[in-house]
Every structure is written in structure tokens, then in C-alpha cells.
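Order of the sequence lines fixes the chain letters, A, B, ..., with proteins taken first and strands second; residue numbering starts at 1 for each chain.
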There are 2 protein chains.
Amino acid sequence: MKISANTSGSSLTTANPVEGGEKNRVINPELWQACAGPLVNLPAAGTYVVYFPQGHSEQVAASMKKDVDAQIPSYPNLQSKLFCILHKITLHADTETDEVYAQMTLQPVPSFDREALLRSDLLMKAHKPQTEFFCKTLTASDTSTHGGFSVPRRAAEKIFPPLDFNMQPPAQELMARDLHDNVWTFRHIYRGQPKRHLLTTGWSLFVSGKRIFAGDSVLFIRDEKQQLLLGIRRANRQPANLSSSVLSSDSMHIGVLAAAAHAAANNSPFTVFYNPRASSSEFVIPLAKYYKAVCSNQISLGMRFRMMFETEESGTRRYMGTITGISDLDGVRWKNSQWRNLQVGWDEATAAATTISTATTAAAATTATTSATTATTTATADDGG
Amino acid sequence: MKISANTSGSSLTTANPVEGGEKNRVINPELWQACAGPLVNLPAAGTYVVYFPQGHSEQVAASMKKDVDAQIPSYPNLQSKLFCILHKITLHADTETDEVYAQMTLQPVPSFDREALLRSDLLMKAHKPQTEFFCKTLTASDTSTHGGFSVPRRAAEKIFPPLDFNMQPPAQELMARDLHDNVWTFRHIYRGQPKRHLLTTGWSLFVSGKRIFAGDSVLFIRDEKQQLLLGIRRANRQPANLSSSVLSSDSMHIGVLAAAAHAAANNSPFTVFYNPRASSSEFVIPLAKYYKAVCSNQISLGMRFRMMFETEESGTRRYMGTITGISDLDGVRWKNSQWRNLQVGWDEATAAATTISTATTAAAATTATTSATTATTTATADDGG
DNA sequence: TTGTAGGCGACTCGCCGACAA
DNA sequence: TTGTCGGCGAGTCGCCTACAA
């Protein structure tokens, strides 16, 4: 399947041999980011964060395509949010599916430290400029066995090394590295009437090897060393590991909550996996972002509200709305939680419903009113302002 | 990939729409059993069982290829075994890999009932006679794209419908149903010099569709309605869902233990998944079997010991040994546990090491001394005696 | 009895413009 | 600018027997 594998790798940071089968490799952060999407912004190791067990549970539910049952015991001592220090964060990609996720080691911070923290950690990391990047959703022709891949003109000119137009036809061999450091080779040719950029030889191996289909997306980026990297983003299908065949979803939810409760009780470290594309549950957010959202402006009914959404071709777009409700999502288990406690009526309800179609916002867009995380949404709005 | 799918299905029993993505289908029990192997014997719904959380945890560890960390909180109130009633048991197969597993709903039984239970439930279900069955480990030729599948002579004569030998060459179309009720069609032909049974047309679709390779096994059975069923058993590779990318293995272990502890404290039902081929952790066993093993004969050092193992071609073979040690596997967490508390010196150490190669016993065979579950092993010995 | 290899059709893959959209 | 199609060549797939092991 794979054309070649290279283990050399430029070890920018030291990664532990982690669970999860990924060998001792460092995932390229830019490529990971590109696959995760433009809205994902991971906190840095060593900084303080807020952890929402409710949101974590929600992500597990989304991955299992199963709602939480009534059999989950309640953890009365577990608060709806935990202030933590992020000891370690490592990037990963599923060996089978290339699905990106992050592993974080969190340690709850005792309550008496919080006030100081809230004041200390206000430096927001500046958004890195998007690297040179293009992303295309594959057509039926791109994925059929009948031919190759039609490269959008601008993409080819921006990302690929320039062709020698003295050749007839102009062509070259492209090598691109995926998240697992496998190298894929493609013949890049400029031909046809009218002329266009195509990837031919090697392309079908990539399609069958990654098991991608029409509707999935492929992205190419160029890192700072001008090396070509490529990744995939699968369409919004049912999760692959729908059934783990190992653990019941009940046990998974209990595991998430019990681990958090135990860590909170002992101020001991615990580990979570964050999967940015499995759901729109950004359940670990920088403390500074949280503070900015909650403390700097009072949330109230009728207030204007801005939020960024991801567009089809991996861009971002801002939507405006008005806060129409503030209430607990689950008043029994999580009272006075700030997790998804806002309902927003969007200005462009129909526009949103028709144009927004990514995984993260589909559910939100279909109903005109949207629940959203206080912290992330308002902070995003501030960024955009 | 699949030649045909049939959803009609003969609903022998009613199965709930379960988690795990399997649609509302009843897995054929005989086919499930054949895929699980001859040593697997599931308890029946409505009967009493003994549940070992330690063994359950071990299976999770095996599935994740990761040992238990030190970060797991201890559950001092969780005993090393729970007496439970098995409310429900449903059979499943992973949609991607065809891996078989069972989902069980257990409810702990209050301690004051146990004495009565121990006396009440002594009826052992008689071993069902093995259905008509054959299992072949695939060769390089079987799986290459160069040709078809060479059917062992006895297998073809025993399992397949008889050929019309007036034809030249004798041939027929075979249809066989897999665990998911997909129908696969093969051309079965008897030809060559010397004559042999072959599956040709349709075979390569099956191989690529199921992603099976040399070393994996294919099995055919005939159910009571003379219908042909087929299943696969993958070779002893690393688990596919090595990384779930959803939950850390710590959380998984915590989930298993916390779910059991919560159920034990409240005598409330809980759910476990049992994967017979993921590890040799038979952590839910019939109460009668347990009782027979523990109470009817006293286990002591130097005692002779018999145990069944699975052979390569899905047969069983009995090995003899002597008990050389009785001790806690984990004296800290699980004191006085009967889980793997026996060390056995086998009479045919080398024979065992060379001939036994299935997943379930490989670890045991390589070290001359073997740890084994008290209950299951001695009970098996009694059966065979 | 059954695993592998050589021989050879037939058919799919995959590279190419021609056309629209 | 780019998605799909008809066209064809080269390469695999896959059916057959021969020959051991």
C-alpha cells in the first residue's frame, strides 16, 4: 500500500513512546493543524486550562454515536469545570484512518491558587499565520479508477514546485509526506486542452491506500523547509470506531468521569484524548480565553454575539446573532454549568443552514437556535472584532 | 466489495437495537461459536455467573496492548469477584473486522443470597455437539491474486452440497452467508490433475473485501437448515483498535472498575463486552462451573491438573501438568483473588511450546509454567476426565 | 492430498484528449 | 477553470494444468 516509509524524521521535540500504537514519532504540527481545521487552537504545554468533563463526555458520546444512559453514576464532588495545568500535549494520528487527535496530561489546580492564576496567564498566543495550504474535496472523477487527480490551478501554482515549461508536456515527480511520515510519489503533469494540472501515476495508490472516496478532502501544505506534506480529511461519515468491541459506552462515560473525579479529589494528573473533528466539543480551553470570555464582559440576554464557523474549503466565516437564552443543558447532573449554556438566534438562519455543512456546525445550523460554549464562542468573537 | 446483502434474516430471537452499530440483527449463534473457537462456552441468560473485574481489566489491557498504569485509583470496596445474575447476553461481530464479541448485562447479587445460589444452580448445560464445520488456515496461494482457494477434500465432501459428477468438470455455485448476513457467492469446481476441490470465481472478492491474508483462517459451517455459513478468524496480529483515539487506556481501566464498583455497591445492572479471541481472559464464568472447581475438590500444591487447549485447526487437546504454585497475581490490588492464582508445570513443556500457537495460549506456552484461572481450568479438567 | 508455478485469455486500470459546464 | 467521458494500451487478474512435496 505504502510506497515508502521513512523513520528518520526531524525530532523537534521529544515525544514519549505513547500508547496508541504510534511509534516514537513526532507528528508535524503544521500538518496536524491543517488536518484539524482552521478553528482548532490547542493550548500549549505548561499553561493553564479549563477542563469541562461534560464536554469530554459529549465527545465520547459522539464517537460512539450513543447518548449517555441513565446507568452512569453521578459524581457529586465533580464540578462542571476543572482548572488545570496542562503538563504535556502530544499530537497523534490514527494509523488506520489518519484521524488526528491530541493527548493531554492535565493536573487539577487547588482552588486557592485559582484567583492568582486568573490574573497571571492573560497572554494569548498569537494566531500563527496559516501556512501555505490548499484543500480540495474530491470529486467522483478524482477517486474513480478511471483517471487521476485534477489539481485546482491556484493550488498547484501556490503549493507545488514550479514546472519547467520548456518540457513538452511540462511534468515532474512530486514527493509528499503524510502524518505517519510515509512518502507518497505522484507524477505532476500540465497537459490537456485546455491545459490543466493533474496528478496521474501514484495517485490511485494513494486513494486506495488511504481508502478515501468522493466527498473526502485532500490537503497539501508546504512546511518551512519547502517540503511537501499531505493529509486527508474524511467526509462527515459515521465514526469508524463506532463500536469498540472492547468497552461498553457506559463504561467509557464512567471512565471519563471517574478519572476526572479521582484527579480532582487528589489533585493528581490524568490523561484525556481530544479529537477535534469527532465533535464540536472543545472541552479543554486556555484559561486566558476562558477568563476573557467570562469576566471581561457580562453575558446577558439580548446581547449581540459573534462566532466563527468553518466553511467547506477549510476557510473561516463569521456569523452574527443574538443571545436568546441562558440555561443549563443538563440541570440535574451539571447545575450552573457554563457548558453550552447559551442559545443564539443567528441573523442568517437560512444562510447558515444552507452554507455551513462541516461536521462541527451541522447540528447547530439545522436548528436556528444554537447552543454554544460560552468561553470559546465569545472569545472567538472578540478575536474577530 | 460485497456481492450482495440480505436483511430479511430469520429472526429466531429478538435482539434489542444495541450500541455498537450492528443493526437490529441476530448473529447466528453457531457461526459465532465457530468463530470464537471450541473452548469458548458462554453462560446462558438468566443463569448465575461469577465476574472477575481483574480479568476484565486484563482483557482491556490486552486490547490496548498496554499494561495497567499506576494512575488507576484503587476501589477498596470492589471485591476480586462478583456473584451476578446474567440478565441478557447478545452476540456481536465488528462490522470492520468481523471480530466476534458478546455483550452481557450483569447484576450483582446481594451476599446473603449466595449460599442458596451455590446450591441451586448446579445444572451444567451439556456441551452442544459441534456443528458440521471446517476451518482452514490460508496459504500464500489461497490469498494471492494469482488463483483461487484450494478446499481440503474432506471439508468439501463434509460441508458443501454434493457435486453432480456427470458434469465435465463437476461444478456448482455456492452461496454462503457471513456474520453480517452478507451473502458471498463462489464457483465451486472439481478439476485439475490430480483432481481437487477449488473455489474460483468470487473468491478474490471475498479475500480483498474481508482483508484477509495468508495465515488467517476461513471456516465454513452448515446450519440446521442446511444453509452454508462462513466466517473468518484472523491470525494473531496486533489488535486493530490498538488506539481508540477516543479514550486513554487509563480511563478505560477506570471505567471498567468504576462501573463494577458502582454496580456492586448498588446491586444495579452493568454492561460488559467479552471478546473471546482478544485474550484468554474468560472473566465471566457460570456459577456452577465456579462452584464445581472451587468447592468440589481442594486445590493444593503438587496436585495433578488437566486443561484443554485449542489446536491450530480449531480442535482441542488436553495437556497435563502439576500445580507448582498458588499465589496472588497482584497481591496489592487484589488480595486472595482466585484470578490466575495457579502456576502449573506442564508435563510436555516443549511439546506445548511448539505445537500450541493460538492466541489464547501462546503466552502460556512459552513459559513452562503457566498461570491459569482456577475456576475455568479445573472445571475443564473435570469435564474432560 | 494439496501447495506453488507456468501459461494464457480477458478485462480492468489508468493515461490521453475532447467536450461541456 | 475543471468535471466527466470515449478512446486505447499495457498491465494485472484470474482460470487452467503440470509438477512436486
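To the nearest angstrom, C1' of C:dC19 lies 15 Å from NZ of A:Lys195. For the pair B:Tyr190 OH and C:dT2 P, the interatomic distance rounds to 10 Å; values are reported in whole Å. Atom CH2 in A:Trp203 sits about 12 Å away from atom P in C:dC15, given to the nearest Å. The distance between atom CZ of A:Arg153 and atom P of D:dG3, rounded to the nearest whole Å, is 14 Å. In this structure, B:Phe149 atom CZ and C:dT4 atom C1' are separated by 16 Å, rounded to whole Å. The distance between atom NE2 of A:His188 and atom C1' of C:dC15, rounded to the nearest whole Å, is 15 Å.
Each of B:Arg211, B:Lys210, B:Arg233 was compared with B:Asp98 under the salt bridge (charged side-chain N to carboxylate O under 4.0 Å, His left out) criterion, and only B:Lys210 meets it. Put simply, the residue from A:His188, A:Arg154, A:Arg153 that forms a side chain to side chain donor-acceptor pair (under 3.5 Å) with A:His197 is A:His188. Tested against B:Asp178 for a side chain to side chain contact (heavy atoms under 4.5 Å, CB included), the candidates B:Leu229, B:Asn28, B:Ile232, B:Leu230 yield a single pass: B:Leu230. Across A:Trp184, A:Phe186, A:Trp203, A:Phe206, a single residue satisfies ring-ring contact (aromatic ring centres under 6.0 Å, His included) together with A:Phe149, and that is A:Trp203.
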Reading nucleotides 14-21 of chain D from the 5' end, what letters show protein touch, with B for base, S for backbone sugar-phosphate only, - for no heavy atom under 4.0 Å? BBBBBBB-
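Look at B:Lys136 and you'll find a side-chain N or O under 4.0 angstrom from OP1 or OP2 of C:dG3. A close approach under 4.0 Å does not occur between any side-chain nitrogen or oxygen of B:Ser141 and OP1 or OP2 of C:dT2.
Among residues two or more places apart in sequence or in another chain, the side-chain contact (heavy atoms from CB on, under 4.5 Å) test is passed with A:Asp216 by A:Ile212, A:Phe213, A:Arg234, A:Ala235, A:Arg237. In this view, B:Arg196 satisfies the salt bridge (charged side-chain N to carboxylate O under 4.0 Å, His left out) rule with no residue, not counting sequence neighbours.
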